[in-house]
Amino acid sequence: MHKLLSLLLLPATFFAQGTPTAEQILDRYIEVTGGKAVHAKLTSEVTTSVMEMKSQGLQGKGITYRDGKGNSYNSLELTGVGTVEEGFYQGIAWENSAIQGPRIKTGEERAFYERESILGKDLQWRKLYSKVVLAGEETVTGVPCYKIILTPNDEGKPESRFYEKESGLLRKTSMILANPMGEIPAESYMTEYKTFAGLKVPTNILTKVGPQDIHITITNVTYNQPIPATKLRPPAEILELAKKQNATK
């Protein structure tokens, strides 16, 4: 009951104090999506999704695993193309596909994927970012939002996040992604939040990467269930590639 009352009163006290700080906005997001206690108890996460790229006529089904040790695995089965895999395992950021083959991610690309692999990363923003700044207000798809700029502790360029003023929910992210072809601007729009095991998650995500629009629909999220080690371990060709690269250092 105490938690429910605090959540009901949060918007009123939040705005009564005038313009909030970046820190307050980030902390508020934790509260409106389930609360610190629920976020802190996460031990694993399994997310299933469907993906569509209309401009290229591509469709696929995805599944993502995250454990509580910073390891992750993501698989996307594209109709007519094959499977694209990527993950972060014991310090190795990797990708494997029929088009590009196996490769190890390095530099800013590796640092970004390491952050994305952390379970409950939103709760750990103080550890992951050296600086957070409120950069004003901006309208996102007709909704007034606060714009927060976050500077990573390690490699990587600052990221922008846009939190809805009324609800406190994240509505947009904007960043520069590093990949083998160079740097690419990327924007993601989050809508249709749904609750899974006490946590609110955006289930409709539109990501614009360069000229491409990628539409992702989250179909289910399961928390705190055991994940077999085999689900997180990279393919043999990735482990062999990582071994060879370490040998040359």
Side-chain angles (χ1 to χ4, degrees), residues 47-64 66 72-88 93-117 121-122 128-129 133 135-152 154-164 169-193 201-219 238:
T47 303
T48 57
S49 61
V50 293
M51 186 278 291
E52 185 177 18
M53 295 174 63
K54 291 184 178 180
S55 62
Q56 297 190 16
L58 293 177
Q59 293 181 332
K61 293 183 178 181
I63 187 165
T64 299
R66 291 188 181 90
S72 70
Y73 171 83
N74 181 67
S75 174
L76 177 62
E77 296 183 7
L78 292 171
T79 304
V81 176
T83 302
V84 179
E85 301 175 285
E86 61 181 354
F88 192 89
W94 60 274
E95 181 180 314
N96 191 22
S97 70
I99 299 174
Q100 293 187 338
R103 69 181 185 90
I104 304 297
K105 300 180 180 182
T106 59
E108 291 186 11
E109 187 183 20
R110 178 196 177 280
F112 171 78
Y113 203 76
E114 181 177 12
R115 290 193 298 273
E116 289 298 297
S117 298
K121 63 182 183 298
D122 292 315
L128 300 176
Y129 298 94
V133 177
E137 300 179 14
E138 194 168 313
T139 300
V140 177
T141 59
V143 179
C145 294
Y146 291 113
K147 178 181 179 180
I148 307 295
I149 298 178
L150 306 92
T151 302
D154 48 16
E155 294 183 81
K157 294 176 174 56
E159 308 168 11
S160 295
R161 298 183 188 176
F162 301 80
Y163 293 88
E164 185 177 327
L169 295 174
L170 180 64
R171 292 301 181 186
K172 175 185 173 183
T173 63
S174 178
M175 63 191 72
I176 302 295
L177 295 177
N179 67 27
M181 296 180 289
E183 297 181 340
I184 301 177
E187 292 183 341
S188 293
Y189 297 82
M190 297 79 171
T191 57
E192 298 183 23
Y193 276 77
V201 175
T203 62
N204 191 318
I205 303 170
L206 173 63
T207 298
K208 298 177 178 290
V209 181
Q212 299 178 351
D213 285 0
I214 304 171
H215 186 196
I216 297 175
T217 301
I218 304 298
T219 54
I238 292 292

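One is the number of the first residue; the rest follow in order along the sequence.
One finds the NZ atom of K172 at 11.0 Å from the CG atom of L206 (value rounded to the nearest 0.5 Å). Taken to the nearest 0.5 Å, the OH atom of Y73 stands 5.5 Å off from the CH2 atom of W94. Here the CD-CD1 distance, from E192 to I218, works out to 11.5 Å after rounding to the nearest 0.5 Å. The line from CD1 of I184 to CE of M175 is 13.0 Å long, rounded to the nearest 0.5 Å. Atom-to-atom distance recorded for E109:CD and N179:CG is 6.0 Å, nearest 0.5 angstrom. Between the CZ atom of F112 and the CD1 atom of I176 there is a distance of 11.5 Å, given to the nearest 0.5 Å.
Between S97 and V84, the closest heavy-atom pair is CB-CG2, 4.0 Å. Here the closest heavy-atom approach between residue G101 and residue N96 is recorded as C-OD1, 3.3 Å. The heavy-atom pair separating G87 from Y113 by the smallest distance is C-CE2, 3.3 Å.
At a threshold of 4.5 Å between non-hydrogen side-chain atoms, the residues R110 and I104 do not count as touching. The side-chain heavy atoms of M53 and M51, taken from C-beta on, include a pair separated by under 4.5 Å. The side-chain heavy atoms of E138 and C145, taken from C-beta on, include no pair separated by under 4.5 Å. At a threshold of 4.5 Å between non-hydrogen side-chain atoms, the residues L58 and T79 do not count as touching. Counting heavy atoms from C-beta outward, E137 and P144 have side chains that stay 4.5 Å or more apart.
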Run the side-chain contact (heavy atoms from CB on, under 4.5 Å) check on N74 and I63 step by step: do they pass? CA-CA 6 Å; N74 181 67; I63 187 165; over 6 Å; no
Under the criterion salt bridge (charged side-chain N to carboxylate O under 4.0 Å, His left out), I'd like the reasoning laid out for E77 against K61: C-alpha separation, chi angles, the key distance, then a yes or no. CA-CA 5 Å; E77 296 183 7; K61 293 183 178 181; over 6 Å; no
Is there a side-chain contact (heavy atoms from CB on, under 4.5 Å) between M190 and T173? Walk through the geometry before answering. CA-CA 9 Å; M190 297 79 171; T173 63; 3.6 Å; yes
I148/V133 under side-chain contact (heavy atoms from CB on, under 4.5 Å): CA gap, chis, key distance, verdict: CA-CA 6 Å; I148 307 295; V133 177; over 6 Å; no
Decide side-chain contact (heavy atoms from CB on, under 4.5 Å) for K121 and E116; before the verdict, give the C-alpha distance in whole Å, the side-chain angles of both, and the deciding distance to 0.1 Å. CA-CA 7 Å; K121 63 182 183 298; E116 289 298 297; 3.5 Å; yes
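We find that E187 and K208 are not joined by a salt bridge, their nearest charged nitrogen and carboxylate oxygen being 4.0 Å or further apart. We find that E155 and R115 are not joined by a salt bridge, their nearest charged nitrogen and carboxylate oxygen being 4.0 Å or further apart. Ionic pairing of E108 and K157 is present here: one or more N-O contacts between side-chain nitrogen and carboxylate oxygen are shorter than 4.0 angstrom.
The side-chain hydrogen bond (donor to acceptor under 3.5 Å, both in side chains) check on T207 picks up S188, with sequence neighbours excluded. For K105, the side-chain hydrogen bond (donor to acceptor under 3.5 Å, both in side chains) partners are E86, not counting sequence neighbours. Remark: Y163 engages Y29 in a ring pair (Phe, Tyr, Trp, His ring centres under 6.0 Å) (not counting sequence neighbours).
Residue E52 places its CD atom among more than 12 non-hydrogen atoms of other residues, nucleotides or ligands, all under 6.0 Å distant.
Side-chain atoms of S160 and S174 include no donor-acceptor pair closer than 3.5 Å. T219 and T48 are linked by a side-chain donor-acceptor pair at a separation below 3.5 angstrom, with hydrogens and angles left out of the test. With hydrogens and angles left out, the side-chain atoms of Y129 and E159 include a donor and acceptor closer than 3.5 Å.
Not one N or O on the side chain of R171 forms a donor-acceptor pair closer than 3.5 Å with the backbone of R161. Formation of a donor-acceptor pair under 3.5 Å by the T83 side chain with backbone atoms of L76 is not found in this model. Of the possible polar contacts, one joining the Y193 side chain to the L170 backbone as a donor-acceptor pair under 3.5 Å is found. The backbone N or O of G142 sits nowhere less than 3.5 Å from a side-chain atom of T139 that would complete a donor-acceptor pair.
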